[in-house]
Amino acid sequence: MRDQEIREALNQHWAASDSGDFATEHDIYLEDAVLDYPQSRERIVGRHNIQTTRSLQPNKKRFVVHRITGSGDLWVSEYVLTYDNQPSYTVSIMEFHGVKIAHETQYFADPFEASGWRKKWVENMDSPKDQGSPEGTFAGLGG
């Protein structure tokens with residue numbers, strides 16, 4: 001039952017993130033939650049500080065969630081975060097206490113061109129067979 005509650009809270013969190021609903025977006029965090037950005041070596045302590053830094057961020061943001069997976073206290077969200085039309089492939093690792101986030105770590109990666117030499121062994125993730133898949137929509141997220 002708790003896993004389902006967390007999954008629903010995460011779906012609501014990412015939908016609120018995408019719509020700019022900062023209050024709902026941050027309901028999922030404990031008061032003393034910690035957010036780490038290892039690539040910039042930043043740590044933000046406290047739900048209020050997390051929400052403030054995000055609400056003051058000047059860029060236009062969009063979130064497209066591709067997958068949420070996890071159980072118990074550890075959950076991972078994979079999504080594309082786009083700032084002013086610049087996509088960043090993002091992984092968010094969330095540690096829960098109860099049904100609230102106690103610690104989140106986010107990693108960001110820029111897109112890059114596929115290497116031509118391995119083309120015969122790979123499929124394009126944007127192929128027509130993936131279009132219309134429930135992945136990437138908030139309502140259809142599975143584990």
Inset, instruction - May I ask you to test the Arg2-Asp73 pair for a side-chain heavy-atom distance under 4.5 Å? - result: yes
Inset, instruction - Would you tell me whether Trp75 and Thr69 have side-chain atoms, one donor and one acceptor, within less than 3.5 Å of each other? - result: no
Inset, instruction - State, yes or no, whether a side-chain contact exists between Phe96 and Ile6 at a heavy-atom distance under 4.5 Å. - result: yes
Inset, instruction - Is it possible for you to say whether Val99 and Ile101 belong to one hydrophobic cluster, with membership spreading through side-chain heavy-atom contacts below 4.5 Å? - result: yes
Legend entry - Side-chain donor-acceptor contact under 3.5 Å, Asp36 with His103: yes
Inset, instruction - Please round to the nearest 0.5 Å and tell me the distance separating atom CD1 of Ile93 and atom CD of Glu78. - result: 10.0 Å
Legend entry - Residues which pass ring pair (Phe, Tyr, Trp, His ring centres under 6.0 Å) with His26, listed by chain and number, not counting sequence neighbours: Tyr29
Legend entry - Shortest non-hydrogen contact from Asp3 toward Gly72: OD1-N, 2.9 Å
Inset, instruction - Decide, yes or no, whether a salt bridge links Arg54 with Glu104 under the criterion of side-chain N to carboxylate O below 4.0 Å. - result: yes
Inset, instruction - Might you confirm whether atom CG of Asp84 has over 12 heavy atoms from other residues, nucleotides or ligands at distances under 6.0 Å? - result: yes
Legend entry - Criterion side-chain contact (heavy atoms from CB on, under 4.5 Å) on Tyr79 and Ser88, from CA distance to verdict: CA-CA 8 Å; Tyr79 56 98; Ser88 183; over 6 Å; no
Legend entry - Under 3.5 Å donor-acceptor, His97 side chain and Ala102 backbone: no
Inset, instruction - Check Arg7 against Gly70 and note the closest heavy-atom contact, atom names and distance. - result: NH2-O, 4.4 Å
Inset, instruction - Kindly write out the residues that satisfy ring pair (Phe, Tyr, Trp, His ring centres under 6.0 Å) with Tyr83, not counting sequence neighbours, or none if the list is empty. - result: none
Inset, instruction - Carefully, step by step, assess Leu74 and Glu95 under the rule side-chain contact (heavy atoms from CB on, under 4.5 Å). - result: CA-CA 5 Å; Leu74 187 61; Glu95 299 169 49; 4.1 Å; yes
Inset, instruction - Would you tell me whether Gln12 and Glu8 have side-chain atoms, one donor and one acceptor, within less than 3.5 Å of each other? - result: no
Inset, instruction - Answer yes or no: are there more than 12 heavy-atom neighbours, outside Arg43 itself, under 6.0 Å from its atom CZ? - result: no
Inset, instruction - Tell me, yes or no, whether the heavy-atom count around Phe22 atom CZ, taken from other residues, nucleotides or ligands under 6.0 Å, exceeds 12. - result: yes
Inset, instruction - Hey, could you give me the CG/OG distance between Leu35 and Ser92, rounded to the nearest 0.5 Å? - result: 8.0 Å
Inset, instruction - Could you give me the CA-CA distance, side-chain angles and deciding distance for Gln57 and Thr53, then say whether side-chain contact (heavy atoms from CB on, under 4.5 Å) is met? - result: CA-CA 6 Å; Gln57 214 292 333; Thr53 59; over 6 Å; no
Inset, instruction - Hey, could you give me the OG1/NE2 distance between Thr24 and His13, rounded to the nearest 0.5 Å? - result: 11.0 Å
Inset, instruction - Could you tell me whether Asp32 and Lys100 have a side-chain N and a carboxylate O separated by less than 4.0 Å? - result: no
Inset, instruction - Work out which heavy atom in Glu25 is nearest to a heavy atom in Ser17; give both atom names and the distance. - result: OE2-OG, 3.0 Å
Legend entry - Pairwise side-chain contact, Val80 with Arg62, heavy-atom cut-off 4.5 Å (strictly under): no
Legend entry - Verdict with supporting geometry, Leu10 and Ile28, side-chain contact (heavy atoms from CB on, under 4.5 Å): CA-CA 8 Å; Leu10 285 168; Ile28 197 169; 3.8 Å; yes
Legend entry - Residue pair Pro111 / Pro87: nearest heavy atoms and the distance that separates them: CD-O, 3.3 Å
Legend entry - Any side-chain heavy-atom pair of Trp14 and Ile68 under 4.5 Å: yes
Legend entry - Counterpart residues, ring pair (Phe, Tyr, Trp, His ring centres under 6.0 Å), relative to Tyr37 (two or more places apart): Phe108
Inset, instruction - State, yes or no, whether a side-chain contact exists between Lys61 and Thr82 at a heavy-atom distance under 4.5 Å. - result: no
